[in-house]
Every structure is written in C-alpha cells, then in structure tokens.
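Take a look at the structure set out below.
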Amino acid sequence: MSNLVKRAIFGSLYVGLILAALLLREHLVYMIVFGLLAFLGTWEWSNLVSTHRLFPLRRIFDATAAVYLFWATHEIADKGIAYAAFLVPYAGYLLYILVRSIYSERQAMPTDLAKVIFGQIYVGGFLSIANIFYTDTDTSIILLTIFVSIWANDTGAYLAGSTLGRHKLFPSVSPKKSWEGFVGGLIAAVVATGLLLGWEQCYIGVIISIAATWGDLFESMVKRSVGVKDSGNIIPGHGGILDRIDSLLFTLPFVAFFLWVVYTYQLIHLA
C-alpha cells in the first residue's frame with residue numbers, strides 16, 4: 001500500500017472520528033474521542049521531550065491526568081461552576097509531582113518537572129478549551145468550524161505552497177513552509193469559516209489560520225530540536241496524534257480569547 005493511499009485512508013478515519021464526536025452530540029462519544037487525543041497527545045509529548053520517566057507507569061499517570069483534566073473541565077462547562085471541586089484531584093496530582101520531584105535525581109529534576117507541567121498545560125489544558133464551545137449548543141458550531149477551517153488551512157497551504165511556493169516562511173523551523181502557502185491556507189480558512197459561521201464572521205478564519213500556523217511551527221521547532229520527523233507513528237502516513245492536533249492546541253485558546261475580547265467589548269459598549 002502506497003504512502004498516499006495510507007494517508008488518505010487513515011486521514012479519513014481520523015476526520016470521521018472527529019466529525020462523529022462533534023456532530024452526534026453524544027457526550028460519551030465526544031469524551032472517548034477527545035479523551036484519546038488528550039491521553040495519546042500527552043504520552044507523545046513525554047516521549048518527544050524525553051522526560052526521565054524511567055517507569056512507563058509514570059507516563060501513564062501523566063497522560064491519565066490530562067484526560068482527567070479534560071473530563072473535569074467538561075463537567076464544569078456543562079453543569080456549572082459548582083462542579084469546580086472536580087479539579088481538586090487534579091491539583092492534588094500536580095502537588096504530588098512537585099513533592100515527588102524533591103526525591104528525584106537532583107540534576108535532571110528542574111528540567112523534567114518543567115517538561116511534565118508544560119505538557120499538562122499544552123495538551124490537557126489547551127485541549128480542554130474545546131469544552132467551552134462543545135457544551136453550549138449555541139457555540140458548538142464554532143468548535144466544528146475550528147476543525148474544518150484548520151483542515152482547509154492545511155489543504156490550501158499545501159496546494160498553494162507546492163505549486164507557487166518560492167519565499168520561505170520560517171526556514172530555520174520548517175523549511176518547506178512558504179509565504180505563498182500561508183496565504184493559500186489563510187484564504188481557504190476564511191472561506192471555510194464564512195461558509196460555516198456566515199460571511200459576517202469570516203474574519204475569525206484569519207485568527208484560525210494564524211494560530212494554526214503558529215501551532216504547527218511550535219511543534220516543528222520542538223521536533224527539530226530533538227531530531228525527529230514525527231511525534232509518533234500511531235496514524236500510518238500521518239505520524240502521531242500531536243502531529244494532527246498541534247494546530248488545534250494553539251487555535252482553541254486563541255479563538256476563545258479573541259471571542260472573549262469581542263464579547264467583553266460588546267458588554268461594555270452596550271452598557
């Protein structure tokens with residue numbers, strides 16, 4: 001089976017799972033799919049940055065903690081701030097990591113501790129922002145739009161970059177990316193956003209495209225620093241889960257913050 005066929009088959013399966021999680025509106029399906037993203041993404045991050053987790057069980061605990069964080073924030077977003085107490089066990093786990101580091105190998109401890117905590121924020125924390133959109137039927141379309149616009153951005157960037165690409169976007173991090181590709185992806189993301197949210201809100205596609213590009217560049221920087229091509233090999237032809245959600249992990253907080261600014265401005269203006 002050629003690599004192109006593998007990419008098409010397994011890429012379609014990935015897209016199908018995401019769409020099923022978002023469109024079926026079954027919370028169990030959503031939690032299973034996104035819980036897997038949180039678990040595998042955190043596991044790959046731990047492997048990618050080579051934390052000194054001598055026992056695989058510790059990596060499992062870290063990945064499970066990210067899943068728990070995702071679940072807890074889902075319950076809070078869905079049922080209200082009264083469920084914020086669900087975050088206490090997660091805070092306890094973070095405290096456990098801090099205390100355990102006191103008894104760890106002293107020289108590697110500060111760096112490893114930073115990698116583990118950052119991984120929780122980068123994967124579990126940023127992915128949890130999806131719950132803000134998903135649990136509200138009025139904003140769930142935004143989450144779908146983010147995914148579709150990221151895919152459109154990737155497709156547009158690839159087509160424009162492979163045919164017109166001349167000027168390098170960030171050669172020290174990702175030599176294949178070009179400004180022409182970036183513009184092609186930007187246009188595709190704006191069009192996709194306009195089709196899903198309405199043309200009066202197509203400007204959100206600009207935020208999605210820029211954030212998605214930064215997210216991809218960030219992971220490329222990390223992979224380049226450790227000398228690997230992919231974060232994993234769980235998706236044949238595509239690499240790892242982080243390779244698939246790196247853009248999403250940057251886009252979710254950027255879009256959420258942007259919409260919060262717009263909403264706050266409107267409240268102040270109306271007052």
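- Taken from CD1 in Ile150 to CD1 in Ile208, the straight-line distance is 7.0 Å, to the nearest 0.5 Å.
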Checklist entry - Which is it for Tyr30 and His74 under the side chain to side chain contact (heavy atoms under 4.5 Å, CB included) test, yes or no, and what are the steps along the way? => result CA-CA 10 Å; Tyr30 170 78; His74 173 272; 3.7 Å; yes
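- With hydrogens and angles disregarded, a donor-acceptor distance shorter than 3.5 Å links the side chain of Trp45 to the backbone of Lys115.
- The closest side-chain donor-acceptor pair between Asp62 and Ser46, if any, does not fall under 3.5 angstrom.
- Between Pro253 and Leu248, the shortest heavy-atom distance links the atoms CD-O, 4.4 Å.
- A heavy-atom distance below 4.5 Å is found between the side chains of Phe170 and Val173.
- There is a path of hydrophobic side-chain contacts, each under 4.5 Å, that joins Leu249 to Ile234.
- Follow the hydrophobic side-chain contacts under 4.5 Å out from Trp260 and you never reach Ile210; the two are in separate clusters.
- For the pair Lys79 and Tyr83, the cation-pi criterion (under 6.0 Å, within 45° of the ring axis) is fulfilled.
- Side chain of Glu180 to main chain of Arg166: a donor-acceptor pair is present (N/O by atom type, distance under 3.5 Å, no hydrogens or angles).
- With contacts defined as side-chain heavy-atom distances shorter than 4.5 Å, the pair Ile241/Leu36 does not qualify.
- Judged by the 6.0 Å distance and 45° axis criteria, Arg25 is positioned over the aromatic ring of Tyr134.
- To the nearest 0.5 Å, atom CD1 of residue Ile121 and atom CZ of residue Phe126 are 7.5 Å apart.
- At least one side-chain heavy atom of Ile18 sits under 4.5 Å from a side-chain heavy atom of Trp151.
- In the displayed structure, Phe61 atom CZ is contacted under 6.0 Å by at most 12 heavy atoms of other residues, nucleotides or ligands.
- Both Leu94 and Phe118 belong to a single network of hydrophobic side chains, linked directly or stepwise wherever heavy atoms of I, L, V, M, F, W or Y lie under 4.5 Å apart.
- Counting heavy-atom neighbours within 6.0 Å of Asp136 CG, excluding the residue itself, gives a total above 12.
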Next on the checklist: Is there a side chain to side chain contact (heavy atoms under 4.5 Å, CB included) between Lys168 and Trp179? Walk through the geometry before answering.
Outcome noted: CA-CA 6 Å; Lys168 300 301 180 182; Trp179 279 103; over 6 Å; no
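- No more than 12 heavy atoms of other residues, nucleotides or ligands shown are found within 6.0 angstrom of NE2 on His167.
- Residues Leu37 and Val29 share a hydrophobic cluster, clusters being chains of Ile/Leu/Val/Met/Phe/Trp/Tyr side chains in contact below 4.5 Å.
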Next on the checklist: Assess the residue pair Thr251 and Trp214 against the criterion (side chain to side chain contact (heavy atoms under 4.5 Å, CB included)); give the C-alpha distance rounded to whole Å, side-chain angles, the decisive distance to 0.1 Å, and a yes or no.
Outcome noted: CA-CA 9 Å; Thr251 303; Trp214 279 338; over 6 Å; no
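- Relative orientation of the Tyr122 and Phe250 rings is perpendicular, given thresholds of 30° and 60° on the angle between their planes.
- One N or O on the side chain of Asp243 and one on the backbone of Ser231 form a donor-acceptor pair closer than 3.5 Å.
- Across all non-hydrogen atoms, the minimal contact from Ala85 to Pro89 is O-CD, 3.7 Å.
- Between the side chain of Lys177 and the backbone N or O of Leu169, no donor-acceptor pair lies under 3.5 Å.
- In this structure, a donor-acceptor pair under 3.5 Å is absent between the side chains of Thr193 and Thr145.
- Of all heavy-atom pairs between Ala152 and Ala192, the closest is CB-CB, 3.8 Å.
- When all heavy atoms of Ser12 and Ala8 are compared, the closest pair comes out as OG-O, 2.7 Å.
- Atom CZ of residue Arg224 and atom OG of residue Ser174 lie 8.0 Å apart, to the nearest 0.5 angstrom.
- With hydrophobic clusters built from ILVMFWY side chains whose heavy atoms lie under 4.5 angstrom apart, Ile141 shares a cluster with Ile146.
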Item to check | Chi angles and distances behind the side chain to side chain contact (heavy atoms under 4.5 Å, CB included) call for Leu195, Val191 | outcome: CA-CA 6 Å; Leu195 290 173; Val191 170; 4.1 Å; yes
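- Distance check, rounded to the nearest 0.5 Å: OG of Ser209 to CG of Asn153 gives 3.5 Å.
- For the residue pair Thr73 / Asn131, a side-chain donor-acceptor distance below 3.5 Å is found, with atom types taken as modelled.
- For Glu44 (side chain) and Leu242 (main-chain N/O), a donor-acceptor pair under 3.5 Å exists by modelled atom type.
- Aromatic ring centroids of Tyr68 and Trp71 lie under 6.0 Å apart.
- Across Ser178 and Gly165, no two heavy atoms sit closer than the pair OG-CA, 3.5 Å.
- Of the options Ile142, Leu144, Leu22, a side chain to side chain contact (heavy atoms under 4.5 Å, CB included) to Phe133 is made by Ile142 and by none of the others.
- The two residues Ser247 and Asp216 make their nearest non-hydrogen contact at OG-CB, 3.9 Å.
- Put simply, CG on Leu196 and CD1 on Ile204 are 11.0 Å apart, with the number rounded to the nearest 0.5 Å.
- No side-chain donor from either of Tyr93 and Gln120 sits under 3.5 Å from a side-chain acceptor of the other.
- The 12-atom threshold is not exceeded at CZ of Phe257, counting heavy atoms of other residues, nucleotides or ligands nearer than 6.0 Å.
- Taking CD1 of Ile102 as the reference point, atom CG of Leu113 lies at 10.0 Å (rounded to 0.5 Å).
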